[in-house]
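Working notes, structure below.
Start at 1 with the first residue, then count along the sequence. Quick caveat: nothing in here was measured; it's all calculated off a predicted structure.
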Amino acid sequence: MAAVSPPLLPVSVLPAATTTTTTIVIPVPDTTSSAADQRAYLARLLDSAKRSLSGARPWAELLDRAALSRPDTLADAAARARKNLAYFRVNYSLLVALSLAASLLAHPFALAALAALLAAWCVLYLLRPADAAPLAAFGRTFSDRETLGGLLAASAFVVFLTSVGTIVFSAVAVGAALACAHGAFRVPEEQLFLDEDVQVAGGGGTSFDLLSFFTNAAGGGGGGRG
(Lines give C-alpha, C1' and ligand atoms only; values in the text may rest on other atoms or scores of the structure.)
Protein backbone atom coordinates (compact mmCIF):
# COMPACT_ATOMS: atom_id res chain seq x y z
CA MET A 1 0.00 0.00 0.00
CA ALA A 2 1.44 3.29 -1.01
CA ALA A 3 2.44 5.74 1.72
CA VAL A 4 0.33 8.88 1.97
CA SER A 5 2.36 12.05 1.69
CA PRO A 6 1.76 14.68 4.40
CA PRO A 7 -0.29 17.70 3.36
CA LEU A 8 1.63 20.70 2.18
CA LEU A 9 1.51 23.74 4.45
CA PRO A 10 1.22 27.21 2.85
CA VAL A 11 4.46 29.10 3.10
CA SER A 12 4.59 32.93 2.79
CA VAL A 13 7.81 34.71 1.97
CA LEU A 14 8.28 37.95 3.89
CA PRO A 15 10.12 40.80 2.12
CA ALA A 16 13.55 41.53 3.39
CA ALA A 17 13.66 44.41 5.85
CA THR A 18 15.16 47.53 4.42
CA THR A 19 17.38 49.74 6.52
CA THR A 20 17.13 53.51 5.96
CA THR A 21 20.11 55.62 7.00
CA THR A 22 19.48 59.29 7.77
CA THR A 23 22.46 61.63 7.67
CA ILE A 24 22.24 64.72 9.86
CA VAL A 25 24.58 67.55 8.86
CA ILE A 26 25.57 69.82 11.74
CA PRO A 27 26.98 73.14 10.58
CA VAL A 28 30.38 73.90 12.03
CA PRO A 29 31.10 77.55 12.77
CA ASP A 30 33.87 79.07 10.73
CA THR A 31 36.39 79.61 13.51
CA THR A 32 39.10 80.55 11.02
CA SER A 33 37.31 83.67 9.80
CA SER A 34 36.33 84.63 13.36
CA ALA A 35 39.93 84.40 14.54
CA ALA A 36 41.06 86.38 11.51
CA ASP A 37 38.53 89.13 12.28
CA GLN A 38 39.72 89.30 15.88
CA ARG A 39 43.37 89.50 14.83
CA ALA A 40 42.52 92.25 12.33
CA TYR A 41 40.66 94.21 15.02
CA LEU A 42 43.57 93.91 17.46
CA ALA A 43 46.02 94.89 14.72
CA ARG A 44 43.99 98.04 13.95
CA LEU A 45 43.83 98.82 17.66
CA LEU A 46 47.59 98.49 18.06
CA ASP A 47 48.30 100.50 14.92
CA SER A 48 46.00 103.32 16.06
CA ALA A 49 47.64 103.37 19.48
CA LYS A 50 51.11 103.59 17.91
CA ARG A 51 50.06 106.45 15.63
CA SER A 52 48.47 108.28 18.55
CA LEU A 53 51.53 107.88 20.77
CA SER A 54 53.91 108.92 18.00
CA GLY A 55 53.15 112.56 18.80
CA ALA A 56 54.74 112.38 22.25
CA ARG A 57 57.43 114.97 22.95
CA PRO A 58 60.82 114.01 24.42
CA TRP A 59 60.48 113.52 28.17
CA ALA A 60 63.73 115.40 28.72
CA GLU A 61 62.05 118.44 27.21
CA LEU A 62 59.05 118.00 29.48
CA LEU A 63 61.21 117.63 32.63
CA ASP A 64 63.58 120.50 31.84
CA ARG A 65 63.77 122.40 35.13
CA ALA A 66 65.37 125.42 33.47
CA ALA A 67 62.08 126.08 31.65
CA LEU A 68 60.08 126.30 34.88
CA SER A 69 59.24 129.63 36.48
CA ARG A 70 56.45 131.11 38.55
CA PRO A 71 53.76 132.83 36.45
CA ASP A 72 53.25 136.53 37.10
CA THR A 73 49.45 136.48 37.04
CA LEU A 74 46.59 134.01 36.89
CA ALA A 75 46.00 134.98 33.26
CA ASP A 76 49.66 134.24 32.49
CA ALA A 77 49.33 130.83 34.15
CA ALA A 78 46.20 130.06 32.13
CA ALA A 79 47.90 131.11 28.88
CA ARG A 80 50.92 128.94 29.65
CA ALA A 81 48.75 125.97 30.55
CA ARG A 82 46.74 126.32 27.35
CA LYS A 83 49.85 126.32 25.15
CA ASN A 84 51.63 123.56 27.03
CA LEU A 85 48.54 121.36 27.12
CA ALA A 86 48.34 121.63 23.33
CA TYR A 87 52.06 120.97 22.86
CA PHE A 88 52.49 118.14 25.43
CA ARG A 89 49.03 116.65 24.99
CA VAL A 90 50.33 113.11 24.47
CA ASN A 91 52.76 113.30 27.38
CA TYR A 92 50.08 114.67 29.68
CA SER A 93 47.68 111.91 28.60
CA LEU A 94 50.34 109.32 29.44
CA LEU A 95 50.85 111.05 32.80
CA VAL A 96 47.14 110.66 33.56
CA ALA A 97 47.30 107.01 32.45
CA LEU A 98 50.32 106.42 34.69
CA SER A 99 48.48 107.94 37.66
CA LEU A 100 45.51 105.68 36.96
CA ALA A 101 47.72 102.58 36.64
CA ALA A 102 49.49 103.32 39.93
CA SER A 103 46.17 103.82 41.71
CA LEU A 104 44.74 100.57 40.35
CA LEU A 105 47.86 98.62 41.34
CA ALA A 106 47.43 99.97 44.87
CA HIS A 107 43.81 98.73 44.92
CA PRO A 108 43.71 95.12 43.65
CA PHE A 109 39.91 94.85 43.98
CA ALA A 110 39.35 97.79 41.66
CA LEU A 111 41.90 96.39 39.21
CA ALA A 112 40.20 92.97 39.21
CA ALA A 113 36.75 94.53 38.73
CA LEU A 114 37.88 96.62 35.77
CA ALA A 115 39.76 93.67 34.26
CA ALA A 116 36.63 91.49 34.53
CA LEU A 117 34.54 94.26 33.00
CA LEU A 118 36.98 94.68 30.11
CA ALA A 119 37.05 90.91 29.53
CA ALA A 120 33.24 90.84 29.42
CA TRP A 121 33.17 93.63 26.84
CA CYS A 122 35.78 91.86 24.68
CA VAL A 123 34.19 88.40 24.85
CA LEU A 124 30.53 89.40 24.61
CA TYR A 125 30.70 92.36 22.23
CA LEU A 126 33.97 93.81 20.89
CA LEU A 127 35.66 90.60 19.74
CA ARG A 128 32.49 88.55 19.24
CA PRO A 129 31.97 87.40 15.62
CA ALA A 130 29.10 89.04 13.78
CA ASP A 131 27.69 85.65 12.72
CA ALA A 132 27.84 84.16 16.21
CA ALA A 133 24.71 82.66 17.71
CA PRO A 134 22.76 84.88 20.13
CA LEU A 135 23.88 84.74 23.73
CA ALA A 136 21.92 82.18 25.76
CA ALA A 137 21.87 82.31 29.55
CA PHE A 138 19.43 81.60 32.39
CA GLY A 139 17.12 79.72 30.07
CA ARG A 140 16.58 82.52 27.55
CA THR A 141 18.26 84.04 24.51
CA PHE A 142 19.57 87.62 24.48
CA SER A 143 19.86 89.73 21.35
CA ASP A 144 22.88 91.91 20.57
CA ARG A 145 21.02 95.01 21.74
CA GLU A 146 20.09 93.35 25.03
CA THR A 147 23.70 92.20 25.48
CA LEU A 148 24.96 95.74 24.88
CA GLY A 149 22.42 97.12 27.35
CA GLY A 150 23.53 94.60 29.96
CA LEU A 151 27.17 95.52 29.48
CA LEU A 152 26.37 99.23 29.80
CA ALA A 153 24.36 98.59 32.95
CA ALA A 154 27.17 96.49 34.44
CA SER A 155 29.71 99.20 33.58
CA ALA A 156 27.56 101.89 35.20
CA PHE A 157 27.15 99.75 38.32
CA VAL A 158 30.87 99.07 38.66
CA VAL A 159 31.95 102.65 37.98
CA PHE A 160 29.27 104.66 39.78
CA LEU A 161 27.93 102.39 42.53
CA THR A 162 31.15 100.91 43.90
CA SER A 163 34.43 102.26 45.16
CA VAL A 164 35.98 101.58 41.75
CA GLY A 165 34.57 104.81 40.36
CA THR A 166 35.98 106.87 43.22
CA ILE A 167 39.42 105.33 42.73
CA VAL A 168 39.37 105.92 38.97
CA PHE A 169 38.10 109.49 39.15
CA SER A 170 40.56 110.37 41.94
CA ALA A 171 43.51 109.00 39.98
CA VAL A 172 42.45 110.85 36.82
CA ALA A 173 42.00 114.06 38.83
CA VAL A 174 45.49 113.74 40.34
CA GLY A 175 47.07 113.17 36.93
CA ALA A 176 45.15 116.08 35.40
CA ALA A 177 46.14 118.36 38.28
CA LEU A 178 49.82 117.49 37.80
CA ALA A 179 49.54 118.17 34.06
CA CYS A 180 47.84 121.53 34.62
CA ALA A 181 50.37 122.54 37.28
CA HIS A 182 53.28 121.69 35.00
CA GLY A 183 51.66 123.55 32.12
CA ALA A 184 51.13 126.63 34.27
CA PHE A 185 54.73 126.76 35.54
CA ARG A 186 56.54 125.87 32.32
CA VAL A 187 57.49 128.80 30.11
CA PRO A 188 56.38 128.03 26.53
CA GLU A 189 59.00 128.36 23.85
CA GLU A 190 57.39 130.38 21.08
CA GLN A 191 59.64 128.96 18.35
CA LEU A 192 58.47 125.44 19.16
CA PHE A 193 54.84 126.45 18.78
CA LEU A 194 55.58 128.26 15.53
CA ASP A 195 57.09 125.06 14.16
CA GLU A 196 54.05 123.16 15.41
CA ASP A 197 51.70 125.54 13.62
CA VAL A 198 53.63 125.09 10.38
CA GLN A 199 53.38 121.30 10.68
CA VAL A 200 49.65 121.41 11.34
CA ALA A 201 49.08 123.79 8.41
CA GLY A 202 51.03 121.43 6.15
CA GLY A 203 49.05 118.41 7.27
CA GLY A 204 51.97 116.90 9.20
CA GLY A 205 50.59 117.52 12.66
CA THR A 206 49.55 114.68 14.89
CA SER A 207 46.33 115.10 16.79
CA PHE A 208 45.80 112.97 19.87
CA ASP A 209 42.68 111.90 21.61
CA LEU A 210 42.89 109.66 24.66
CA LEU A 211 40.23 107.34 23.22
CA SER A 212 40.81 107.95 19.53
CA PHE A 213 42.65 104.70 18.94
CA PHE A 214 39.57 102.78 20.14
CA THR A 215 37.26 104.59 17.76
CA ASN A 216 39.75 104.34 14.88
CA ALA A 217 40.35 100.66 15.47
CA ALA A 218 36.64 99.98 15.74
CA GLY A 219 36.06 101.11 12.17
CA GLY A 220 34.61 97.92 10.78
CA GLY A 221 35.63 96.07 13.94
CA GLY A 222 33.73 95.21 17.06
CA GLY A 223 32.56 91.97 15.57
CA GLY A 224 31.10 93.73 12.52
CA ARG A 225 28.33 95.48 14.51
CA GLY A 226 26.99 98.81 13.44
Would you say N91's side chain and A56's backbone share a donor-acceptor pair under 3.5 angstrom?
no
Surrounding CG of L74 (heavy atoms of other residues, nucleotides or ligands, distance under 6.0 Å), is the total greater than 12?
no
For the student: nearest non-hydrogen atoms of A179 and L85, plus distance
O-CD2, 4.4 Å
Residue pair L151 / Y125: nearest heavy atoms and the distance that separates them:
CD1-CB, 3.7 Å
Give every residue pair that meets the ring pair (Phe, Tyr, Trp, His ring centres under 6.0 Å) criterion with at least one member in residues 152-189, sequence neighbours excluded.
Y92-H182
Starting at NZ of K83, measure out to CZ of F88 and round the result to the nearest 0.5 Å.
13.5 Å
Can you tell me how far apart OG1 (T147) and CG (L135) are? Round to the nearest 0.5 Å.
5.0 Å
Quick one: side chain to side chain donor-acceptor pair (under 3.5 Å) pairs with a partner in residues 132-141, sequence neighbours left out?
R140-E146
Set of residues satisfying side-chain contact (heavy atoms from CB on, under 4.5 Å) with respect to A177, sequence neighbours excluded:
none
Listed partners of D76 passing side-chain contact (heavy atoms from CB on, under 4.5 Å), at least two apart
P71, D72, T73, R80
Could you check Y87 against E61 for side-chain contact (heavy atoms from CB on, under 4.5 Å), going step by step and ending with a plain yes or no?
CA-CA 11 Å; Y87 186 72; E61 182 180 346; 3.0 Å; yes
Salt bridge present between D64 and R186 (N-O < 4.0 angstrom)
no
Let me check something: any side-chain donor-acceptor pairs from residues 97-123 under 3.5 Å, sequence neighbours excluded? List them with distances.
from, atom 1, to, atom 2, distance (Å)
S99, OG, A171, O, 2.8
H107, ND1, S103, O, 2.8
W121, NE1, S155, OG, 2.9

Side-chain hydrophobic cluster, 4.5 Å single linkage: members besides L178:
L95, V174
